[in-house]
2 protein chains.
Amino acid sequence: MSNQSIKLSVDAVVFGYEEGNISVLLIKRKYEPFKGEWAIPGGFVFNEESLEEAVERELHEETGIKINYLEQLYTFGKPSRDPRGRVVSVAYFGLVRPNAYKIVASTDAEQVQWFNINELPKLAFDHKVILKAAIERLQGKITYEPIGFELLDKKFPFSDLEKLYTTLLGRDIDRRNFRKKIVGLNVLDELDEKVSKGSGRPANLFQFNPKRYFQLKEEGIIFEI
Amino acid sequence: MSNQSIKLSVDAVVFGYEEGNISVLLIKRKYEPFKGEWAIPGGFVFNEESLEEAVERELHEETGIKINYLEQLYTFGKPSRDPRGRVVSVAYFGLVRPNAYKIVASTDAEQVQWFNINELPKLAFDHKVILKAAIERLQGKITYEPIGFELLDKKFPFSDLEKLYTTLLGRDIDRRNFRKKIVGLNVLDELDEKVSKGSGRPANLFQFNPKRYFQLKEEGIIFEI
DNA sequence: CTCATTATGTGTAGTTTGTACACAAAAGTA
DNA sequence: TACTTTTGTGTACAAACTACACATAATGAG
């Protein structure tokens with residue numbers, strides 16, 4: 001099989017969340033194919049780097065971002081997916097706090113921008129399919145793994161968490177029951193700090209406690225919303 | 001990136017189930033590297049075939065089996081995982097009814113054999129890691145997708161289903177509650193046939209109804225055990 | 001043929017979890 | 001100071017889960 005001529009690339013769907021909006025990080029391609037079109041950041045894997053290293057490198061090169069949470073999503077291998085020839089792409093799925101980093105376009109990217117997932121532009125390659133898979137994964141996973149916290153500030157008022165879940169799940173949540181449930185999971189620390197945004201009673205701040213979460217997980221107690 | 005020299009392969013972890021035993025299909029390698037050692041079936045992807053086609057081809061070539069259920073598991077890309085050089089492997093996860101096919105070794109395989117997942121031999125490459133991931137996926141997935149039926153005969157007594165779940169989940173199940181729950185999901189058809197194996201009251205046969213399952217799924221009713 | 005053995009089939013009560021729902025407290029603003 | 005806005009909290013009812021025992025239909029041994 002020395003005559004195999006398949007190229008391997010990685011792509012990263014990076015989600016951010018801010019004030020009730022879920023957004024994805026996209027780049028405008030500087031070169032052919034699909035020059036000038038929007039695409040998920042990514043690129044070819046170097047011979048000696050791992051797939052994760054490749055994703056982080058490409059992301060940093062093209063967008064300036066450093067990722068918070070990263071997991072493999074799916075590998076897309078349809079022979080026709082890239083006009084240049086056979087390219088198989090391992091797609092990853094990432095989460096960041098958008099305000100924690102400044103996005104800067106460089107190398108293959110002419111521009112970088114956050115897009116609300118409900119207002120997406122036309123995408124290059126099969127990136128629409130990849131993005132769809134990523135959104136489904138995010139929506140599915142948020143109910144049984146505490147990944148939502150990766151999208152919020154370290155310290156957050158309960159209402160932020162609630163708004164994140166209503167946005168992601170696309171349905172209303174009963175505030176009291178939601179809080180009861182999350183508090184019952186016992187993975188949040190209630191801080192002695194309050195935050196006030198505009199009018200209304202100031203909210204207490206909370207913080208996710210990963211240590212406690214992993215302890216509980218080992219004891220077989222599962223996170224589920 | 002024309003100087004990328006990464007090879008792409010696929011591997012398939014195929015599970016079977018018979019009489020309280022979950023087993024995996026392994027081959028004994030005919031050639032170097034790892035000649036004579038047991039491994040998951042798989043091989044290099046051809047330039048023009050999709051990943052799924054590659055898996056099915058390799059499986060058929062090496063073991064004679066045709067798969068019942070196939071899904072992508074994970075892509076393993078550690079630079080050091082293959083002594084021949086950089087090989088990235090897309091691992092798949094398959095289910096079959098073992099008695100439905102005759103396994104026959106050929107091409108790269110000197111031998112094919114079902115191994116109980118609790119009595120595994122030493123494995124070539126990083127196949128131990130792959131297998132572990134596959135087992136976890138199987139155990140996880142069986143509680144929220146009706147994939148268990150792919151491991152049973154088309155028509156099966158309830159006790160078979162129950163035994164499958166106790167085996168996979170590694171814990172006892174209350175027979176009455178389990179039956180109540182599954183029947184309540186409304187995805188099984190009760191047939192007018194009975195089967196008797198040795199002594200004991202003959203059991204009614206059941207059959208999974210995929211059509212009904214997909215209907216219910218679209219209505220938002222979820223399968224969960 | 002009868003009795004012991006084996007596996008299937010079935011209901012109910014108690015507990016736990018989920019759901020629906022409204023008002024007081026603490027801040028800002030006019 | 002009173003009006004608006006957002007946070008914080010408890011209870012009653014419904015649904016789901018759990019534990020649990022005995023009758024039924026077959027086989028096999030004596």
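Order of the sequence lines fixes the chain letters, A, B, ..., with proteins taken first and strands second; residue numbering starts at 1 for each chain.
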Asks: Please report the distance, rounded to the nearest Å, between CZ in Arg171(A) and P in dG18(C).
Replies: 13 Å
Asks: Near DNA chain D, counting only heavy atoms under 4.0 Å, which residues of residues 177-208 of chain A show up?
Replies: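 Result for residues 177-208 of chain A: Arg179(A), Lys180(A), Ser199(A), Gly200(A), Arg201(A), Pro202(A), Ala203(A), Asn204(A), sorted by number.
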Asks: What distance separates Leu131(A) CG from Leu73(A) CG, expressed to the nearest 0.5 Å?
Replies: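 The CG atom of Leu73(A) is 9.5 Å from CG of Leu131(A), to the nearest 0.5 Å.
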Asks: Without decimals, in angstroms, what is the distance between Ile221(B) CD1 and dA16(D) C1'?
Replies: 15 Å
Asks: Name the residue from Phe158(A), Phe149(A), Phe178(A) that meets the ring pair (Phe, Tyr, Trp, His ring centres under 6.0 Å) definition with Tyr165(A).
Replies: Phe178(A)
Asks: Rounded to whole angstrom units, what separation is found between the CZ atom of Phe158(A) and the P atom of dA26(C)?
Replies: 20 Å
Asks: dG18(C) C1' sits how many Å from Arg176(A) CZ, rounded?
Replies: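 The answer, rounded to whole Å, is 14 Å.
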Asks: Please report, rounded to the nearest Å, how far the C1' atom of dC17(D) is from the CD atom of Glu224(A).
Replies: 13 Å
Asks: In this structure, is the centre-to-centre distance between the rings of Phe15(B) and Phe93(B) below 6.0 Å?
Replies: yes
Asks: Among Glu71(B), Glu52(B), Glu56(B), which residue meets the side chain to side chain donor-acceptor pair (under 3.5 Å) test with Tyr92(B)?
Replies: Glu52(B)
Asks: Whole angstrom is fine here: how far is it from CD1 in Ile173(A) over to P in dC21(C)?
Replies: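 Answer to the nearest Å: 17 Å.
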Asks: What is the distance, to the nearest angstrom, from the CD1 atom on Ile225(B) to the P atom on dT18(D)?
Replies: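 Rounded to the whole Å, the gap is 13 Å.
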Asks: Any idea how Phe115(B) and Trp38(B) line up, ring-wise: parallel (<30°), tilted (30 to 60°), or perpendicular (>60°)?
Replies: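 Ring orientation, 0 to 90° scale: perpendicular.
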Asks: Would the base of dG8(D) count as contacting Arg175(A) through its side chain, where contact means a donor and an acceptor less than 3.5 Å apart?
Replies: yes
Asks: For a side chain to side chain donor-acceptor pair (under 3.5 Å) with Arg57(A), tell me which candidate from Glu53(A), His60(A), Glu61(A) qualifies.
Replies: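 Option passing the side chain to side chain donor-acceptor pair (under 3.5 Å) with Arg57(A): Glu61(A).
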